[in-house]
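As structure tokens, the structure follows; a few thoughts come after it.
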Amino acid sequence: MSQVILRFAPSPTGFLHIGGARTALFNWLLARNQGGKFILRIEDTDQVRSTKESIDAILEGMTWLGLDWDEGPVYQTDRMEIYREHAERLLRENKAYYCYCTPEELEEKRQRALQEKRKPKYDGKCRAQQSLVPGRSPAIRFKAPQEGKTVLPDLIKGTVEFDNAEMDDLVILRSDGWPTYNFSVVVDDATMGITHVIRGDDHVNNTPRQILLYRAFGYPLPKFAHVPMILGADKARLSKRHGATSVMAYKDMGYLPQALVNYLVRLGWSYGDQEVFTMKELIQKFSLENVGKSAGVFNPEKLNWLNGVYIRQEKPETLAELLLPFLEKQGLKPRSMDWLAQIVKTLQERSKTLVEMADMAKFYFRDDFQVDEKAEKKHLLPAIKEPLEMFLGRLESVAEVDEKSLEEMFKEIAARKNIKLGSIAQAVRVALTGKAVSPGIYEVMRILGRDEVLKRLGRAIKKL
Ligand code: GLU
């Protein structure tokens with residue numbers, strides 16, 4: 001079998017949307033699964049809306065997700081000559097014509113059709129125009145067949161039929177020489193040898209027009225697969241009002257790229273009951289057959305759950321690196337990366353995002369935290385003063401602290417003072433962290449270090 005060639009073809013008019021990212025992922029996964037090629041093509045022929053910032057944002061998003069491309073980025077603006085040649089070929093073969101209708105004229109006809117409750121459609125006025133009118137720049141229109149049906153064999157939707165009578169004589173090159181989407185996409189997909197076009201099903205109505213163009217050129221059709229849109233909880237198409245839709249916003253909210261990848265792939269594709277996949281497994285197991293026909297509903301709780309899974313699986317040293325920028329945002333500087341990795345280890349089990357982790361880590365760095373009032377009232381009572389002082393005395397007599405000896409100290413004090421080990425542990429916990437819930441208290445003390453523990457304890461005792 002010959003090599004499969006897939007592409008992701010974003011228009012650089014904004015950030016990388018999570019819907020776009022899922023489309024990119026499906027293409028990328030199929031290419032990797034089949035040992036094929038994945039091309040990144042930037043569809044930047046919309047001069048008004050395309051921006052350099054958006055191109056950078058798309059590349060940044062792809063890179064963050066780990067989606068590498070074998071070719072590109074290919075910019076459509078570098079291929080203007082190819083579009084012109086193709087348009088000229090259709091003109092030569094009498095499959096396209098020059099159109100001199102003015103925007104005003106077209107608008108007027110459109111309005112009239114709407115008034116008369118007809119579907120607006122170009123009336124074919126210039127269909128016979130095969131020569132240029134000196135001094136005027138025409139658009140070039142495709143002479144679309146008006147009869148019969150166009151059949152789209154879609155790998156996800158099944159067969160979809162369109163009446164050719166419904167289809168317009170599409171402008172392929174505007175009067176300023178710029179190609180339109182349906183035209184440039186066909187020229188590119190055909191000349192790049194794209195074998196599978198996987199894209200959002202918001203494009204499904206464009207596809208019959210594209211098929212007609214393939215036919216006109218005599219190019220073989222690629223396989224088409226239109227992926228259902230991602231919806232919000234209210235079943236409306238996912239948009240800003242449902243929350244963040246930009247891939248990089250998820251990075252800023254403390255998600256790991258593997259978790260977002262896993263989440264997005266599963267949102268539309270399934271493999272039995274399995275929820276968690278390594279990238280390697282995704283590549284091995286991905287196929288279009290298991291992409292569902294119905295739209296996936298974006299579920300932030302599930303994403304949080306998955307992110308928690310990935311955070312728990314990750315090496316503390318790696319997480320420490322990832323956590324660093326989130327700490328910096330709060331002005332927190334670790335004593336060393338090794339120290340930070342120890343902190344991470346104590347928080348991995350309980351954090352769903354890196355933002356949450358950075359928040360929870362705060363007490364390790366600073367002692368000016370707000371003490372939880374309820375916890376203070378419950379655990380830091382005058383009766384605990386003596387046991388705490390005793391503990392402080394023990395600590396002062398050692399140079400360093402380790403979990404084992406700390407536990408011994410607690411046990412000994414609890415026995416001597418006839419109190420529960422839990423009472424002294426909770427009192428120390430609130431004194432050191434400001435909260436009644438924290439990672440294991442012995443670990444916390446080891447990480448804070450003897451001097452810091454002494455300082456915080458002393459302060460708490462003074463208040464009793
Ligand atoms: N530039 C188009 C878009 O971003 C590409 C659609 C396609 O994949 O053909 O929607």
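One-based numbering, in listed order, for ligands and for the atoms of each. The shown structure was predicted, so the numbers you read here are calculated from the model rather than taken from an experiment.
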Worksheet item: If you count the non-hydrogen atoms of other residues, nucleotides and ligands that lie under 6.0 Å from CZ in Arg49, is the total more than 12?
Response: no
Discussion item. Any nitrogen or oxygen of Ile198 lying under 3.5 Å from a nitrogen or oxygen in ligand 1? Just yes or no.
Written reply: no
Discussion item. Can you confirm whether more than 12 heavy atoms, excluding those of Glu373, are under 6.0 Å from its CD atom?
Written reply: no
Worksheet item: Which residue and non-hydrogen atom of the protein lie closest to atom 10 (O) of ligand 1, and at what distance in Å?
Response: His203 NE2, 2.7 Å
Discussion item. For atom 1 (N) of ligand 1, tell me which residue out of Gln210, Arg199, Glu43 has the closest non-hydrogen atom.
Written reply: Glu43
Discussion item. Suppose I only count heavy atoms of Tyr181 and a 4.0 Å limit; which atoms of ligand 1 are within that range?
Written reply: 2 (C), 5 (C), 6 (C), 7 (C), 9 (O)
Worksheet item: Which of the numbered atoms in ligand 1 are below 4.0 angstrom from a heavy atom of Val185?
Response: 9 (O)
Worksheet entry | Arg118 atom CZ, over 12 foreign heavy atoms within 6.0 Å | yes
Worksheet item: When you look at NZ of Lys435, are more than 12 heavy atoms from neighbouring residues, nucleotides or ligands closer to it than 6.0 Å?
Response: no
Discussion item. Return the CG to OH distance between Leu170 and Tyr122, rounded to the nearest 0.5 Å.
Written reply: 12.5 Å
Worksheet item: Which residue and non-hydrogen atom of the protein lie closest to atom 5 (C) of ligand 1, and at what distance in Å?
Response: Ala9 O, 3.1 Å
Practice prompt. Count the heavy atoms belonging to other residues, nucleotides or ligands that lie under 6.0 Å from CD of Glu147, then report whether that count exceeds 12.
Written response: no
Practice prompt. May I ask you to list the atoms of ligand 1 that are less than 4.0 angstrom from any heavy atom of Arg7?
Written response: 7 (C), 8 (O), 9 (O)
